[in-house]
Novice: 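Below you will find the structure I want to go over with you.
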Amino acid sequence: DHNYSLQGQAAPPAAPPHRRPAALAKILGELVEKQQLPEEIVSLLRAQFSDLPCELQSWRQMAEYSPEMRQFACTLHLYHIKAYDYLRKSFPLPHPYSLTRQVFIHCPGFSNDIFLQLQEKVERGDQTYRYCAVMAQDMSLQKQQEWDPETRRLTGFVDLGAGILDADEAPLASEAIILMAVGISSPWTAPLGYFLVSSTTGHLLAQLLRQAINKLNNIGIMVLAVTSGASARGAETARALGIRIDPERIRCTFQHPPGSAHRITYFFDVCHALQLIRNALQYFQRVGWFSNNMCWQHVVELAALREQRVLEPCSPKSGRPRSKGSYHLKVNLATPLFSEGVADALEHLQELGLSSFQNCSGTMKLVRLMSSLCDVFYSREPYGKGLKEPLLAGNYTKISNLFNEAKCFFFSLRDSLGRYVIKSKRKLGFLSFLLNTESLKWLYSNYMCPQGTPSHNLLTYAFSLDPLELFIRAIQQACDSSRSPTCTVFQAAYHKLLSSCSLSPGSPHSNHFGSASSLDIFLSRRRDLTLGSIRAQYNPACGRTLPAEFPFCAGLLLHSHPLSNALTDLSLDTRTVTCTAGFVAEQLACDLQCEACLASLFESDESRVKCRSVFYVKKLGGVSLPSASVLHITSISEQVLNQCSKEGDGNKNTELWHLSLELKVFQALLGESSLFPTLTNHLFDGELSINNHYTVLIKDIVRRYLNVRTNLAQHLNLKYPSGRHRLKRLKGKHLLPSPLGSCQLSQTHTGS
């Protein structure tokens, strides 16, 4: 970490004053009158720097500046660069470039160690570190004044890296601004520093971003893009940098340094933009373009569709005779709203003839268009497929055509009264995507087409806030509290993470921190953009239904199914494993945020429908029949449990015993045939590491199954004298009631 230092820097000659030098306080008052500096900032500066000399001769030699004078110069420059330039006309303040010098001090500001590591990478000729994107995000802090026994000072105040502002009238810090650099051709991340502020403004963010860009340029790294949230503050930051967000005249780049030939693109976070578009569609309810209409109610009806028993799940066009099998139509609530899966589900339900989904072709077109745009802006690995491939010369034409289609769509979209949405108060989400598409096209034209391009591909994941959100989540975990941390707790957590940070792509701490992965953060941030969130919004009482408490069901057979055919000759124990596996799948389905993983839990008739957003599940005594992979994992778990139950009379309720059970199950699964064949392509959606969704899903199934079996045995006082389970039946009751409760409808859809 570092502090700003002006020591040893010769001050450039100040512009000769055109009037008699005035007192510093008087000039600050003039800045307020000219509306170049907010009054609250002037009040803070006056309170903190009341003892600064007012005479011009005291400011002549920068080498003789007191620490307070240096702190004043750095603070004013960060808060308002125009006010700083105005003051330099009367006081020979240092040139802004000299304010980025560093010393090794533990305090807020830019992290000296990170910049040294980056400089070493560049000096060794590592091309993946030549170009990057920079992003900024704030984190809420708890206002609290604390005594630091080491420094013997009060903490919790505003600190912009130039020293703590601890005057009696100074406000306490309520936010931490964190800056990060992200590789655009390789997934490396570097936390650049943090700043403690009482309130975040767009002008302050813009100035911090410019300083970060300067410091990266000084060590040989060129910044190609800047990312902020799609919010009022993000829009203010963009305008302060020189970005124009007018729909008729979008300017997607800004000059840095001002007046130079180098230009930097600007991106709004895609997740924030999608939330704004969701809000706009919900607000307008119905929008149209050309001869198409999108109705929000179609999405609401899909999210609210209850699990239904159907006699014939296939389309009437198939010509197959109806069967009496117990099929259940199920909606995958983890499906993202703007996804191909939702469009496919709407199309399938329309083909089934459901009245709520007729005339939804316009809704399908809008959802598919937004889904394609999302795929383009979530390219994070060189081996992505489809539109999630990195931006390459070979796929640019396809992406450019998609961007042109989206632009035409956004400009044509009207509400029910015929007013253009792009000019309404709900326009920022659409403008954010327009700006992002223009920025991506500009980067391709200027950095990929000419000779000497920075990389063979661009990973658009670097232009989202996901990498920074991942780091912030890790800080929150390290703070070990559900509340906002104090400044002291935040700083301790930040430095702890920074000490273990490695900048090498693919290392354990290069592109993810803590226990979460980038894919987990991607899904978590978009939890409000799923069918489950829409269902909860319109009917909070009926979200994802929790399964029953005791998952033990026996003797209920279901014919005409590849798994249930074998159950007719199996023992009670095997049928118990099947039912318990289905219960575990239902449990996991309540918690999973991943559409692909959730769909892989159940034995679904994929010949009926090819999308994962709706599927047909067979029921076994009220419990969904698990997929073959889930059943295999639970069967192995049951074998290990039976074997370990015979061994010794030690305490089998300890955490160590449970961990040993899990380890033995994993050892038994080694060398088995591939599990979850539908998740093969899903492995490429996250990092190539052992801790991906595939392995996490297996561990969750094993852990939950063992917990259910051991807890059930304790509750029913089951013994294992000979490896067989002895069931103590509850009089007049099944041990496993239907986990669907009131959400299961009695009505039947015949497919007509």
Novice: Return the set of residues passing ring pair (Phe, Tyr, Trp, His ring centres under 6.0 Å) with Trp296 (not counting sequence neighbours), or none when no residue passes.
Specialist: none

Novice: For Met139 versus Ile472, what's the shortest heavy-atom pair and its separation?
Specialist: SD-CG2, 4.0 Å

Novice: Excluding sequence neighbours, so at least two apart, what forms side-chain hydrogen bond (donor to acceptor under 3.5 Å, both in side chains) with Gln358?
Specialist: none

Novice: Would you confirm whether the ring centroid of Tyr705 sits within less than 6.0 angstrom of the ring centroid of Phe583?
Specialist: no

Novice: Tell me, do Val584 and Pro626 make a side-chain contact under 4.5 Å, heavy atoms counted?
Specialist: no

Novice: Could you work out, with salt bridge (Lys or Arg N to Asp or Glu O under 4.0 Å) as the rule, every residue matching Glu301, not counting sequence neighbours?
Specialist: none

Novice: Around atom OH of Tyr283, are there more than 12 heavy atoms of other residues, nucleotides or ligands at under 6.0 Å?
Specialist: no

Novice: What distance separates Ile178 CD1 from Met135 CE, expressed to the nearest 0.5 Å?
Specialist: 12.5 Å

Novice: Is it the case that the side chains of Gln137 and Glu469 hold a donor-acceptor pair, with the cut-off being a distance below 3.5 Å and no angle test?
Specialist: yes

Novice: Heavy atoms only: give me the nearest Val708-Gln587 pair and the separation to one decimal.
Specialist: CG2-OE1, 4.1 Å

Novice: Tyr266: what forms a ring pair (Phe, Tyr, Trp, His ring centres under 6.0 Å) with it, not counting sequence neighbours?
Specialist: Phe268

Novice: Salt bridge check: are Asp466 and Arg473 linked by an N-O gap of less than 4.0 Å?
Specialist: no

Novice: For the residue pair Met294 and Met364, establish whether any side-chain heavy-atom pair is separated by less than 4.5 Å.
Specialist: no

Novice: Can you find a heavy atom in the side chain of Trp188 that is under 4.5 Å from one in the side chain of Val182?
Specialist: no

Novice: Side-chain donor-acceptor pair under 3.5 Å between Thr486 and Gln142, yes or no?
Specialist: no

Novice: Hey, are the side chains of Tyr378 and Thr460 touching, using non-hydrogen atoms and a 4.5 Å cut-off?
Specialist: no

Novice: Would the distance check show the side chain of Asp269 and the main-chain N or O of Leu465 forming a donor-acceptor pair, the cut-off being under 3.5 Å?
Specialist: yes

Novice: Which value, rounded to the nearest 0.5 Å, describes the distance between Thr335 atom OG1 and Leu598 atom CG?
Specialist: 8.0 Å

Novice: Does the pair Arg368/Glu347 count as a salt bridge with the N-to-O cut at 4.0 Å?
Specialist: yes

Novice: Determine, using ring centers only, whether Phe430 and Phe409 are less than 6.0 Å apart.
Specialist: no

Novice: Is a side-chain donor or acceptor of Thr634 paired with a backbone partner of Ala581 at a separation under 3.5 angstrom?
Specialist: no

Novice: Work out which heavy atom in Ala212 is nearest to a heavy atom in Leu192; give both atom names and the distance.
Specialist: CB-CD1, 4.2 Å

Novice: Would you say Arg704's side chain and Val702's backbone share a donor-acceptor pair under 3.5 angstrom?
Specialist: no

Novice: Please report the C-alpha distance between His348 and Leu352 in whole Å, then the side-chain angles of each, then the deciding distance to 0.1 Å, and finally whether the side chain to side chain contact (heavy atoms under 4.5 Å, CB included) criterion is met.
Specialist: CA-CA 6 Å; His348 178 70; Leu352 288 178; 3.7 Å; yes

Novice: Under 3.5 Å, side chain of Thr363 to main-chain N/O of Cys295, donor-acceptor pair present?
Specialist: yes

Novice: Distance check, rounded to the nearest 0.5 Å: Met370 atom CE versus Leu274 atom CG?
Specialist: 5.5 Å

Novice: Donor-acceptor check, side chain of Ser424 to backbone of Val421, threshold 3.5 angstrom: yes or no?
Specialist: yes

Novice: Leu305 versus Leu329: any side-chain heavy-atom pair under 4.5 Å?
Specialist: yes

Novice: So which heavy atom on His298 is nearest to which on Ser356, and how close?
Specialist: CD2-O, 3.5 Å

Novice: Determine whether a donor-acceptor pair (N or O, by modelled atom type, separation under 3.5 Å) exists between the side chain of Ser600 and the backbone of Cys597.
Specialist: yes

Novice: Do Arg233 and Thr201 have side-chain heavy atoms sitting under 4.5 Å apart?
Specialist: no

Novice: So does Arg527 pair up with Glu595, basic N to acidic O under 4.0 Å?
Specialist: no

Novice: Please report the shortest heavy-atom distance between Arg535 and Ala303, naming the atom on each side.
Specialist: NE-O, 2.8 Å

Novice: Mind checking whether Met180 and Pro467 have side chains closer than 4.5 Å, heavy atoms only?
Specialist: yes

Novice: Determine, stepwise, if the pair Asn707 / Arg703 fulfils side chain to side chain contact (heavy atoms under 4.5 Å, CB included).
Specialist: CA-CA 6 Å; Asn707 286 339; Arg703 185 171 294 116; 3.8 Å; yes

Novice: Hey, could you give me the CG/CD1 distance between Leu333 and Ile534, rounded to the nearest 0.5 Å?
Specialist: 10.0 Å

Novice: Output the distance between atom CG (Leu601) and atom CG (Leu588), rounded to the nearest 0.5 Å.
Specialist: 5.5 Å

Novice: Run the salt-bridge test on Arg278 and Asp528 with the 4.0 Å N-O cut-off and return the result as yes or no.
Specialist: no

Novice: Is the positively charged end of Lys330 above the ring of Phe602, judged by distance under 6.0 angstrom from the centroid and angle within 45° of the axis?
Specialist: yes

Novice: Can Val489 and Cys479 be said to form a side chain to side chain contact (heavy atoms under 4.5 Å, CB included), step by step?
Specialist: CA-CA 6 Å; Val489 174; Cys479 291; 3.9 Å; yes

Novice: Residues two or more places apart in sequence or in another chain: which of them pass ring pair (Phe, Tyr, Trp, His ring centres under 6.0 Å) with Phe267?
Specialist: Phe463

Novice: For side chain to side chain contact (heavy atoms under 4.5 Å, CB included), just list the numbers for Leu402 and Ser372, CA-CA rounded to whole Å, side-chain angles, deciding distance to a tenth of an Å, and then say yes or no.
Specialist: CA-CA 8 Å; Leu402 173 64; Ser372 298; 3.8 Å; yes

Novice: Quick test of your reading of the model: are Arg426 and Asp415 salt-bridged, counting only N-O distances below 4.0 Å?
Specialist: no

Novice: Between Leu196 and Cys487, what is the shortest heavy-atom contact and its length?
Specialist: CD1-SG, 4.1 Å

Novice: Taking only residues two or more places apart in sequence or in another chain, which ones pass ring pair (Phe, Tyr, Trp, His ring centres under 6.0 Å) with Phe338?
Specialist: none

Novice: State whether the side chain of Ser432 and the backbone N or O of Leu428 hold a donor-acceptor pair below 3.5 Å, judged by distance alone.
Specialist: yes

Novice: Quick one: pull up OG in Ser464 and CG in Leu459 and give me the separation to the nearest 0.5 Å.
Specialist: 11.0 Å

Novice: So, the side chain of Ser140 versus the backbone of Glu175: is there a donor-acceptor pair under 3.5 Å, distance only?
Specialist: no

Novice: Is the Phe403 ring parallel, tilted or perpendicular to the Phe377 ring (thresholds 30°, 60°)?
Specialist: parallel

Novice: Are Leu346 and Cys360 close enough that some pair of their side-chain heavy atoms sits under 4.5 Å apart?
Specialist: yes

Novice: Between Glu438 (side chain) and Leu435 (backbone), is there a donor-acceptor pair under 3.5 Å?
Specialist: no

